Number of protein chains: 2
Amino acid sequence: MATKLSSRPNNRLPAQRADQFGAQVPGVDYGVLEDLVGYAIRRAQIRIYQDFLDALGQWSITPPRFSAMTIIDRNPGLKLTHLATAMGIARSGAVEVVNALEKLDYVRRVDAPTDKRAFALELTEPGHAALKGITAAIRRHDARISSKLSAAELGELRRLLALLG
Amino acid sequence: MATKLSSRPNNRLPAQRADQFGAQVPGVDYGVLEDLVGYAIRRAQIRIYQDFLDALGQWSITPPRFSAMTIIDRNPGLKLTHLATAMGIARSGAVEVVNALEKLDYVRRVDAPTDKRAFALELTEPGHAALKGITAAIRRHDARISSKLSAAELGELRRLLALLG
DNA sequence: TATTGTTATACTCTATAACTATA
DNA sequence: TATAGTTATAGAGTATAACAATA
């Protein structure tokens, strides 16, 4: 069994946070914040993140952990440095995420045959099973957050997001 | 003068992060991540955040700090608990952000006349001056990140974002 | 009793820098 | 020398819980 990191495993967003930052508090003047696209994105992301945590809390999974598991699963023989590059984080950050996933018994470090400094990352058996459930839950989560958009609107949203930044 | 919190003040995103999570690493299979709207939002937000830090680093300002300053500025007599509610965070988190802004000499706690437990939050003189510059920099940042979109597309993006989550 | 602000504690994500072992 | 992984240290954002002072 995976060791739970805590009873409320992840970033401890409070319950009331869901009411906020997507539905601003009435009576409060948010000034320029209302005009900023960046702020609109931020609010959307906070709402989405809250739903993510609600849906995934039982797996002790966070967005970066899910990204790491997925990338490890899809790229056999991946090394830690490559994982860091793929995720866009520092090597030390990749060590942390791999340590967390190892503690959960989702991921394993395996000696690399050709390089004694390195090792390959791979999912454990429980990790494979967990990733199936997690992926299904995340697909449902993703469908839920985008349920108010038509297929055409979703495509347009993706196109516009890709133009941002 | 505002005390700089550090030479690279904020969340220390590495320079190479800008290359990533919006332009995935070639040769890496991202699997289901590519399909998820939530992931597309996350990548957009990371790109935007990087630009935010590049533009605002000299002010020791982060998105939550900017939100707090703006809300304090626009809502005279605001109390700490109200700031927490407005920002959608716990009271203890509001204490932290106010402490940070106080250390920067941007915000001040003033005794509330009617309630001896509470106080009103307000910008200091340097805080007002800083907020002017910060706001201008953030407006430029916001224009920059959305420069590839037409006005109509921006409106559509806002509409679609509001439907998400 | 309930609320205001605070502090204690904890977890996640991220960074830079220095280090060890190996290439 | 350069690279792979690790550890040490640090900052920021967030949470829950308990507490003193006041309402």
Side-chain angles (χ1 to χ4, degrees), chain A residues 4-17 20-21 42 45-46 49-50 52-53 57 60-68 78-85 87-104 109 111-112 114-121, chain B residues 4-17 20-21 42 45-46 49-50 52-53 57 60-68 78-85 87-104 109 111-112 114-121:
Chain A
K4 287 286 173 54
L5 296 186
S6 73
S7 59
R8 213 182 172 200
N10 305 320
N11 266 357
R12 316 290 191 75
L13 297 183
Q16 77 267 24
R17 176 134 210 184
Q20 221 318 83
F21 256 114
R42 181 159 184 257
Q45 226 231 322
I46 289 172
Y49 190 38
Q50 179 66 50
F52 184 104
L53 294 181
S60 291
I61 275 291
T62 58
R65 290 178 190 176
F66 176 66
S67 297
L78 193 77
K79 290 176 192 165
L80 191 137
T81 297
H82 299 149
L83 176 64
T85 305
M87 292 182 70
I89 61 176
R91 282 189 320 253
S92 58
V95 170
E96 286 312 301
V97 76
V98 168
N99 285 347
L101 292 173
E102 207 169 54
K103 214 174 283 176
L104 290 163
R109 289 163 159 107
D111 285 340
T114 60
D115 189 337
K116 272 184 190 157
R117 294 169 303 180
F119 47 72
L121 298 169
Chain B
K4 285 289 173 53
L5 295 186
S6 73
S7 60
R8 214 185 173 196
N10 304 319
N11 266 357
R12 317 289 192 74
L13 297 182
Q16 78 269 20
R17 178 135 209 183
Q20 220 318 85
F21 256 112
R42 183 161 181 255
Q45 225 232 324
I46 288 171
Y49 190 37
Q50 179 66 50
F52 185 104
L53 293 182
S60 290
I61 274 293
T62 57
R65 289 177 190 177
F66 176 65
S67 297
L78 194 76
K79 290 178 192 163
L80 191 138
T81 297
H82 299 147
L83 176 64
T85 305
M87 294 182 67
I89 61 177
R91 276 181 322 216
S92 58
V95 170
E96 287 310 303
V97 77
V98 168
N99 285 348
L101 292 173
E102 207 168 54
K103 213 173 285 175
L104 290 163
R109 291 163 159 106
D111 285 340
T114 59
D115 188 338
K116 273 186 192 156
R117 295 170 303 181
F119 46 72
L121 298 170

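Within every chain, numbering begins at 1; the chains are lettered A, B, ... in the order of the sequence lines, protein sequences first and strands thereafter. Model, not experiment: these values are computed from the prediction.
Of the two residues near DNA chain D, A:Leu78 and B:Arg117, the one whose nearest nucleotide lies more 5' is A:Leu78. Residue whose closest nucleotide on DNA chain C sits further toward the 5' end, between A:Gly93 and A:Lys116: A:Gly93.
The side chain of B:Arg91 places no N or O atom within less than 4.0 Å of a non-bridging phosphate oxygen (OP1 or OP2) of C:dT7. One finds a side-chain N or O of A:Arg65 lying less than 4.0 angstrom from the OP1 or OP2 phosphate oxygen of C:dC13. Regarding contacts with the backbone of D:dT6, a side-chain N or O of A:Arg109 is found under 4.0 angstrom from either OP1 or OP2.
Taking atom NZ on A:Lys79 and atom P on D:dT6, their separation rounds to 13 Å, with Å as the unit. What separates CZ of A:Phe119 from C1' of C:dT22 is a distance of 14 Å, to the nearest Å. Rounding to whole angstrom units, NZ of residue A:Lys103 and P of C:dC11 are separated by 9 Å. C:dT14 atom P lies 7 Å from atom CD1 of B:Ile46, rounded to whole Å. Atom CG of B:Leu83 is separated from atom P of C:dT6 by 12 Å (rounded to the nearest Å). The CG-P distance, from A:Asn99 to C:dC11, rounds to 15 Å in whole Å. A:His82 has its NE2 atom 11 Å from the P atom of D:dT3, to the nearest Å. In this structure, B:Ile89 atom CD1 and C:dT12 atom P are separated by 20 Å, rounded to whole Å.
With D:dT16, C:dT4, D:dG13 as the choices, the nucleotide that has an atom nearest any side-chain atom of B:Ala90 turns out to be D:dT16.
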Without placing hydrogens or testing angles, list every side-chain donor-acceptor pair under 3.5 Å for residues 91-101 of chain A, not counting sequence neighbours.
from, atom 1, to, atom 2, distance (Å)
A:Asn99, OD1, A:Arg109, NH1, 3.0
A:Asn99, OD1, A:Arg109, NH2, 3.0
A:Asn99, ND2, A:Val95, O, 3.4

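Considering CG of B:Leu83 and CD1 of B:Ile89, their distance stands at 6.5 Å, rounded to 0.5 Å.
Across all their heavy atoms, B:Ile61 and B:Phe52 have their closest contact at O-CE2, 3.6 Å. When all heavy atoms of A:Met87 and A:Pro64 are compared, the closest pair comes out as CE-O, 3.3 Å.
Residues forming a side-chain contact (heavy atoms from CB on, under 4.5 Å) with A:Ala118 (at least two apart in sequence, or on another chain): A:Lys79, A:Ala112, A:Asp115.
The base of C:dT3 is not paired with the side chain of B:Thr81 by any donor and acceptor separated by under 3.5 Å. Not a single donor-acceptor pair, N or O on each side, falls under 3.5 Å between the base of D:dT14 and the side chain of B:Ser92.
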